Amino acid sequence: MLDIKLIRDNPELVKKDILDRGGKDTGVVDRVLESDVRRREMLVEVEELKHQRNKASEEIAALKKEGGDASGIVGRMKEISEKIKSIDSRVRDVEVDIRTLMLEIPNVPDGSVPTGLDEEANIEIRLSGEAPNFTFKPKAHWDLGEELDVLDFERGAKIAKARFTLLKGAGALMERALINYMLDMHTTEHGYTEVFPPILASPASFEGTGQLPKFSEDMFWCRNDDLLLIPTAEVPVTNIFRDEVLKEAELPVKYTAYTPCFRREAGSYGKDVRGIIRQHQFNKVEMVKFVHPDTSFDELESLTADAEEVLSRLGLHFRVVALCTGDLGFSAAKCYDLEVWMAGAGEYKEISSCSCFTDFQARRANIRFKPSDGGKPRFVHTLNGSGVAIGRTVAALLENYQLDDGRVVVPPALQPYMHGMTVIEKPANPI
RNA sequence: GGAGGGAUGGCAGAGUGGACGAUUGCGGUGGUCUUGAAAACCAUUGAGCCGCAAGGCUCCGGGGGUUCGAAUCCCUCUCCCUCCGCCA
């Protein structure tokens with residue numbers, strides 16, 4: 001949520017940002033402004049009445065103490081009380097209207113974000129590593145996975161539905177190994193504290209991070225219990241501090257979490273239909289930071305570096321892309337995507353998204369810190385990034401480390417997490 | 001699922017109709033003392049909104065009600081805790 005003062009003082013900027021993001025409805029800004037004016041007019045009126053009431057209450061108390069008769073003044077106050085009640089309820093209605101509108105307005109992009117409506121305008125920041133050379137035509141991971149009997153798409157779809165996959169044998173082991181490999185790196189080398197949060201979260205938590213109310217269609221709901229399956233650990237982990245006040249000295253707080261993630265992928269029919277790139281359920285290690293406002297964009301750089309390290313050490317080739325205004329997530333002020341090379345598909349695929357949300361989420365979730373100098377509480381800045389998506393890493397490893405005989409090499413960094421396994425081959429008696 | 005208890009400031013925890021925006025303790029900040037620190041002592045310290053300001057208004061889990069006036073009384077919702085039952 002934006003600061004209403006920003007909308008008041010600079011409505012044209014907010015409108016421009018909405019258009020830059022590819023939004024069409026800048027009318028919300030005007031509707032917020034109209035309601036804001038009405039709210040303040042009513043406040044002036046009702047506060048004057050309340051002032052009268054408070055004065056009268058004092059008089060009545062004084063009169064009663066002296067045993068005097070207060071019936072006249074009491075009668076007049078009855079009328080004023082009724083008036084207050086009716087204006088108060090109108091003020092509340094307008095405030096609800098304003099909040100409802102404000103929740104639909106996206107964050108303001110940072111000045112360094114390239115302007116553009118789609119991914120064409122994204123800017124490649126750097127490349128890391130090199131794409132492997134093959135003397136043969138590399139296969140797609142879904143073919144490799146089925147041939148090695150580590151991915152079973154048929155069974156996954158039978159158990160649940162399409163876009164659910166059954167991992168088997170070395171595939172399941174690699175999934176688990178990657179989780180541990182990433183968590184260990186972030187906790188022992190990058191200074192994050194590991195947490196394991198609830199996988200279902202309340203609508204209030206979803207509103208705090210910006211997934212609700214706007215993206216309700218993308219979520220799996222448990223309607224009977226008014227809970228939602230999380231689409232990313234960002235939701236529960238950021239909400240750890242909802243409605244809390246941290247001490248300035250406690251910042252930055254850095255958490256990392258492994259969780260399953262659930263997305264309905266509404267509107268992505270026909271995209272990445274094969275393989276494990278786009279699943280309704282996938283695993284992810286996430287990093288979340290709560291930081292001082294002065295440091296947030298530096299923290300974004302180091303967060304991104306932390307994610308890059310995961311890929312570098314696995315020997316994967318990737319590029320870092322700065323997203324343009326149109327590609328930026330709703331809550332983000334700035335975002336880098338890490339796109340890993342997929343040898344089989346011959347293209348880069350997003351494997352991590354590292355974002356700085358400035359105070360946008362903190363305002364919605366009411367996460368503040370108390371300055372050490374004793375000043376008023378201020379909103380923290382929040383950041384998060386995948387560190388990284390597990391399923392897509394499995395796909396990348398299969399495709400980039402495949403041999404001409406269909407086996408797949410396990411990179412050295414992962415071997416200790418896979419009982420020393422150096423190569424994945426088809427089991428003798430697959431079942 | 002059944003029975004009961006609770007929700008007050010950064011935290012803990014008093015407060016049963018007007019003198020309470022709220023006793024007190026902890027924590028925070030400033031100071032005295034000290035070579036420095038700790039301890040001790042003194043002072044100070046809630047948040048939000050409206051307003052150029054002076055100042056005003058609101059807030060004791062949410063909503064509604066009673067009343068001239070509600071942290072306090074009534075209704076309702078949510079959440080938390082305890083005991084019993086069931087279950088990993």
Side-chain angles (χ1 to χ4, degrees), chain A residues 1-9 32-103 196-208 212 222-228 236 239-251 253 260 290 292 359 362-380:
Chain A
M1 195 154 54
L2 298 179
D3 188 347
I4 187 134
K5 289 187 196 116
L6 176 72
I7 300 176
R8 244 179 239 159
D9 298 343
V32 168
L33 287 173
E34 282 162 29
S35 295
D36 183 48
V37 168
R38 264 201 304 140
R39 169 174 174 270
R40 282 186 287 169
E41 284 169 356
M42 288 191 284
L43 271 183
V44 169
E45 190 184 353
V46 78
E47 284 184 6
E48 165 57 23
L49 291 173
K50 284 178 178 174
H51 184 55
Q52 284 181 35
R53 182 179 65 184
N54 291 346
K55 287 280 177 226
S57 278
E58 278 175 40
E59 280 177 50
I60 292 167
L63 272 173
K64 292 238 163 139
K65 214 181 207 171
E66 294 160 14
D69 173 30
S71 58
I73 189 164
V74 165
R76 268 186 289 129
M77 282 308 111
K78 254 186 180 149
E79 225 174 278
I80 289 190
S81 264
E82 283 309 312
K83 243 191 204 160
I84 290 172
K85 221 173 263 181
S86 101
I87 300 173
D88 256 349
S89 88
R90 272 152 54 205
V91 168
R92 248 194 315 276
D93 289 347
V94 172
E95 283 177 346
V96 168
D97 288 348
I98 292 173
R99 183 174 166 81
T100 304
L101 292 169
M102 298 264 293
L103 286 175
F196 189 75
I199 309 303
L200 289 164
S202 66
S205 289
F206 275 70
E207 191 177 291
L212 287 182
C222 303
R223 297 278 182 188
N224 287 343
D225 300 281
D226 211 20
L227 290 167
L228 300 89
N239 277 282
I240 287 173
F241 294 122
R242 178 154 48 90
D243 293 322
E244 292 196 34
V245 181
L246 300 166
K247 296 190 178 88
E248 181 171 358
E250 291 170 337
L251 302 177
V253 177
F290 305 83
H292 190 283
D359 62 0
R363 203 177 289 282
R364 288 176 161 240
N366 191 29
I367 306 170
R368 296 175 295 170
F369 72 96
K370 181 93 171 162
S372 307
D373 65 13
K376 293 278 179 193
R378 301 173 59 190
F379 290 110
V380 301

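The chains referred to below are lettered A, B, ... by the order of the sequence lines, with proteins before strands, and numbering in each begins at 1. These numbers come from a predicted model, not from an experiment.
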Take atom [atom1] in [N] and the same atom in [M], then report the distance between them in whole Å.
| N | M | atom1 | answer |
| --- | --- | --- | --- |
| A47(B) | G61(B) | C1' | 16 Å |
| G21(B) | C49(B) | C1' | 15 Å |
| C41(B) | G25(B) | P | 11 Å |
| C75(B) | G6(B) | P | 14 Å |
| A70(B) | G18(B) | P | 11 Å |
| A54(B) | U66(B) | P | 38 Å |
| U29(B) | A14(B) | P | 27 Å |
| U45(B) | U24(B) | C1' | 15 Å |

Tell me which nucleotide among G64(B), C68(B), G18(B) gets nearest to the side chain of Val74(A). C68(B)

Using both distances under 3.5 Å as the test, list the Watson-Crick or G-U wobble partner of [N], or none.
| N | value |
| --- | --- |
| G51(B) | none |
| C41(B) | G31(B) |
| U78(B) | A7(B) |

Whole angstrom value for the distance that separates [atom2] of [N] from [atom1] of [X]:
| X | N | atom1 | atom2 | value |
| --- | --- | --- | --- | --- |
| Asp225(A) | C79(B) | CG | C1' | 15 Å |
| Arg242(A) | C80(B) | CZ | P | 12 Å |
| Asn366(A) | G10(B) | CG | P | 10 Å |
| Phe241(A) | G10(B) | CZ | P | 16 Å |
| Ile84(A) | C68(B) | CD1 | P | 13 Å |
| Glu244(A) | G46(B) | CD | C1' | 16 Å |
| Leu63(A) | A19(B) | CG | C1' | 16 Å |
| Arg378(A) | G10(B) | CZ | P | 18 Å |

Check whether Ser35(A) reaches the backbone of Val32(A) with its side chain - one donor and one acceptor, N or O, closer than 3.5 Å.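 Not confirmed, Ser35(A) side chain does not pair with Val32(A) backbone.
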
So does [X] pair up with [Y], basic N to acidic O under 4.0 Å?
| X | Y | value |
| --- | --- | --- |
| Asp9(A) | Lys5(A) | no |
| Arg92(A) | Asp88(A) | no |
| Glu95(A) | Arg39(A) | yes |
| Arg99(A) | Glu207(A) | yes |

Mind running side-chain contact (heavy atoms from CB on, under 4.5 Å) on Asn366(A) and Phe379(A) for me, showing each step along the way? CA-CA 7 Å; Asn366(A) 191 29; Phe379(A) 290 110; 4.0 Å; yes

Pairs in or reaching into residues 72-83 of chain A: which pass side-chain hydrogen bond (donor to acceptor under 3.5 Å, both in side chains), with residues at least two apart or in two chains? none

Looking at Lys85(A), I'd like to know whether one of its side-chain N or O atoms comes within less than 4.0 Å of OP1 or OP2 on U66(B). yes

Identify, between Asp243(A) and Pro371(A), the residue whose nearest nucleotide on RNA chain B lies closer to the 5' end. Asp243(A)

Which value, rounded to the nearest 0.5 Å, describes the distance between Phe369(A) atom CZ and Glu244(A) atom CD? 15.5 Å

Approximate separation, where rounding is to 0.5 Å, of Ile367(A) CD1 and Arg242(A) CZ: 8.5 Å

Indicate yes or no: at least one non-hydrogen side-chain atom of Arg364(A) is less than 4.5 angstrom from one of Leu103(A). yes

If the sugar-phosphate is the primed atoms plus P, OP1 and OP2 and the base is the rest, what is the B/S/- string for nucleotides 47-57 of chain B, using protein heavy atoms under 4.0 Å? SSSSS----BS

Is there a side-chain contact (heavy atoms from CB on, under 4.5 Å) between Val94(A) and Met42(A) once you walk through the steps? CA-CA 10 Å; Val94(A) 172; Met42(A) 288 191 284; 3.5 Å; yes

Per the under-4.0 Å heavy-atom filter, residues of residues 75-83 of chain A near RNA chain B come out as Met77(A), Lys78(A), Ser81(A)

